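Working notes for the structure below.
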Number of protein chains: 2
Amino acid sequence: MDPSLTGLRVLREIAERGSFTAAATQLGYTQSAVSRQAAALERATGQRLFDRQVGGVTLTAAGLTLLRHAVVALDAVAAADRELKGLPPEHGIVRLGTFPSAGVLILPRALAALRRTHPRIRVTTREATTPALVRAIRARTIDLAVLASRPPHRQLDDQAPPLESLTLSETTLLLAVPAGSPLAAGDTVELEALADQDWIAGPSSTAEPTMGVWPGAPGRPRIVHTARDWLTKLHLVAAGCGITTVPPGLADTVPPGVRLVEVQGGPAERRRVVLARLPGPCPPAVTEIIRALRQEAARQPG
Amino acid sequence: MDPSLTGLRVLREIAERGSFTAAATQLGYTQSAVSRQAAALERATGQRLFDRQVGGVTLTAAGLTLLRHAVVALDAVAAADRELKGLPPEHGIVRLGTFPSAGVLILPRALAALRRTHPRIRVTTREATTPALVRAIRARTIDLAVLASRPPHRQLDDQAPPLESLTLSETTLLLAVPAGSPLAAGDTVELEALADQDWIAGPSSTAEPTMGVWPGAPGRPRIVHTARDWLTKLHLVAAGCGITTVPPGLADTVPPGVRLVEVQGGPAERRRVVLARLPGPCPPAVTEIIRALRQEAARQPG
DNA sequence: GGGGTCCATGACGGTAAGGCATACCAGCCA
DNA sequence: TGGCTGGTATGCCTTACCGTCATGGACCCC
C-alpha cells in the first residue's frame, strides 16, 4: 500500500494550513475527507504523521520527512503538466512570502531595485500571517519569507530543522493620530492618554493578537473600524475616525491630516523584520533577493 | 484532471518493457488494465503519449517528457518510503545494465577493481537484452548500460535525446569447437566447413537473431541444444555435443576440451561493446564506473 | 457550563479501477 | 488465402475507494 497523489497534496496543504479544516476548505474538500486522507496516509506509511493538538495539527518528524519527498513528487507532476501544456518551466522563480505591512514598505522598492540590477529574476509574492508563512516555508510552497517578530524573539517554530533567520531591521511602533486631535499636539503621547480612544484595528482573528491597537493601552479598547488595508486605515485616521498603530516605515507616505507620534510610559514596542528560509543550499536568485532586501532595509529610517 | 501515481508507474513500465502486455505482466495487472491506464493518462494530459506500432508501443515526444517528470515523482515517493522505513537513502548507488555475455567478461573484473579503488561506490546490476536495456535507460531505471552492437553500428534508438554512447572495445567473433573435432585441427576453419554441424545456440527468441550460430553459415543450422549460460554451452562443446560462437574475451576461461578458432571465408564478424547512457551531467560515481570499465576493457585481449 | 473549534467516524452514493471475455488489427507462414 | 500469433481496444461486471453528510467527542475560552 502506498500513498496517493491526492494524499500527498492533502499532506502538503495540512502542513501549510496547520489544520485539517483549513486544508479542506482550501482544497475544496470536506473536513471529513481530509481527515480520512490523513488517516489513509498514516495507514499507508504505518507511522503517525500528525500531532493532533488543540486548534490544529503539526507534522511529526515522520510527517516532515514524508512532506519533504511529497513536495518533490508534486512539483514533478506540476512541472510535467506545465511542460506538456507548452508553458515555460518555473525554475528560477523565487516565491516570496510577506507579512501584510511588508507589502507597502521594503518590498516594492527592493523588487524594483532587483528588477534594475537583475531583470532575469522572477519573483512571486504572497501575503499571509507569520505562522502561515512559517508553515508555507516548511511546506516548500514559498522559498523565502519576510516576517514580523515582536519580543521575545523566539525561534519561529519548534520543528526540525530550525529555520534560518536573518534580521532585516529593528524598528519601534508608532501611533497614527488625526492632525487636529489633542494627541497630535506634541511628538509624543503618554500611554495613559490612550484610554477611551476610538481604535482602527486590523481584521480581528482569533489566532493573532489584534493589530492596530497599542499593546498595553489602558482599559478595553473600543474598536470602531476594522480594515485590512494600510491606506484605508490611514485615511480613516485622517478623517478623524480613530487612531491606529503603524510601523515607522510608513512615515513618509502618510496622507495629509495624519500625524505619527511616539508613545511614552510603556515598554518600548520594538518590532523586527526578519527574513526566514529553510536551511540548506541557497540558489543564486534567492541570495540576490536577500541582498536587495537587506540593502533596501538599510536605506529605511529604521 | 491529473495523472495518478499508478498511472505514472504504468507509464514507466510501458516505457521500459516496450509493450502494454509486458508491462501488465510485470506489474501483475491485466493487459486491459494497462491499456486503460494508458488511455487515462492520455486523457489526463490531452496528448498522445504512445505510438501504437506492431509488436508494441514506443513513447511519443510528449510521452517522453511526461516520463522524465514521472520518474522524479516515483523516485521521490520511493525515497520517502525508504526513509520512513529507516532504510538508508539510495543515492550513490549506480544501476548498471548489461547484455548477457558482459557478465562473464569485463564486468566482474571492473567491479572488483572499482571496489578496490572506490569502495564507497555501490553498484547494482541487471541483465537484459539490448533493446530492453535501451528502454531501461530511457525509463531511468538504470543509469548506464553495457551493450553489444554489431555492424552496421546504428544509433541505439531513434528517440530524443539521442543516447550518449562510447565504444569500450571492438572484437571479432570466435568459434568454440571440441578439441578432438576435425574443426580443431588448425587455428582457423573455413566458412564452408560449418555446413552440416550441430549447433549450440542461445535461447531462441523471436526478437533477437539466434545467438550461438555463426552468422552466414551455409545451409540451415541444426540446433541441437539451447542454453543461456556460457559455462553450460562451453561444457556442451567440450562434451562434443556441438559447436557455438563465443566472444574472444572468454579465451582464457574455456574449459579443457574446447578450442577457439577463427572463421575464414565470410565477412569479418566484428562486435562492439558499447557503453550507453542518457546525455546530461554525469554523477561522479558513474564516471568512476565508466573509468573502471574502460580500463578493464583495455586490458582485455580485444 | 455553554458555545465554538477542532478532529474522528458510521452510513451512503457515485465513480473509477481492474478483471474477464471478446473484438480487432497487422504481420507471418504454409 | 486462411489460420496463427503477436499485439491493442472495449463492453460488461464487481469491488473498493473516495468524498459527503451527519453526528459524536475532546478541548479551550468566555
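Labels below follow one simple rule: chain letters A, B, ... track the order of the sequence lines, proteins then strands, and each chain is numbered from 1. Here the structure is a predicted model, which means the values were calculated and not measured. Note: hydrogens, waters and symmetry copies are ignored here, and every other heavy atom, side chains too, is used.
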Seminar exercise, completed: Correct closest heavy-atom pair for A:Leu147 and A:Ala276 would be CD1-CB, 3.8 Å
Exercise. Hey, can you pull the residues of residues 25-34 of chain A with a non-hydrogen atom under 4.0 angstrom from DNA chain C?
Worked result: A:Gln31, A:Ser32
Problem set entry | Close side-chain approach of A:Ile14 and A:Val57, heavy atoms under 4.5 Å | yes
Exercise. What integer distance in Å separates B:Leu49:CG from D:dA9:P?
Worked result: 12 Å
Exercise. Tell me: CZ of B:Arg9 to C1' of C:dG18, nearest whole Å?
Worked result: 15 Å
Exercise. A:Gln31 and A:Thr21: side-chain donor and acceptor closer than 3.5 Å?
Worked result: no
For this session: Figure out the CZ/C1' separation between A:Arg36 and C:dG13, and round it to whole Å.
Result: 13 Å
For this session: Would you indicate what A:Ser19 reaches in the nucleic acid, counting non-hydrogen atoms under 4.0 angstrom: base, sugar-phosphate, or nothing?
Result: sugar-phosphate
Exercise. Is it the case that A:Thr30 and A:Ser32 place a side-chain donor and acceptor less than 3.5 Å from each other?
Worked result: no
Exercise. Using 4.0 Å as the upper bound for N to carboxylate O, is an ion pair formed by B:Asp2 and A:Arg9?
Worked result: yes
Problem set entry | Residues A:Glu42 and A:Arg52 bridged, charged N to O under 4.0 Å | yes
Exercise. Which whole-number value in Å describes the distance from A:Leu5 CG to D:dC17 P?
Worked result: 17 Å
Exercise. So do B:Gln159 and B:Arg138 actually touch side chain to side chain, heavy atoms under 4.5 Å?
Worked result: yes
Exercise. What is the distance, rounded to the nearest whole Å, between atom CD of B:Gln53 and atom P of D:dA9?
Worked result: 12 Å
Exercise. Atom CZ of A:Phe20 to atom P of D:dC27: distance rounded to whole Å?
Worked result: 16 Å
Exercise. So, does B:Asp51 use its side chain to make a donor-acceptor pair with the main chain of B:Leu59 at under 3.5 Å?
Worked result: no
For this session: Report the distance from atom CZ of B:Arg43 to atom P of D:dT10, rounded to the nearest whole Å.
Result: 11 Å
For this session: Considering just the side-chain nitrogens and oxygens of B:Gln37, establish if one lies under 4.0 Å of OP1 or OP2 belonging to C:dG18.
Result: yes
Problem set entry | Short side-chain N/O contact to C:dA8 OP1/OP2 from A:Arg52, under 4.0 Å | yes
Problem set entry | Angle by which the axis turns from one end of the helix from C:dG1-D:dC30 to C:dA30-D:dT1 to the other, five pairs per end, to 10 degrees | 10°
Exercise. Just how far, in rounded Å, is C1' of C:dA16 from CG of B:Asp2?
Worked result: 14 Å
Problem set entry | Donor-acceptor side-chain pairing of B:Thr98 and B:Glu127 below 3.5 angstrom | no
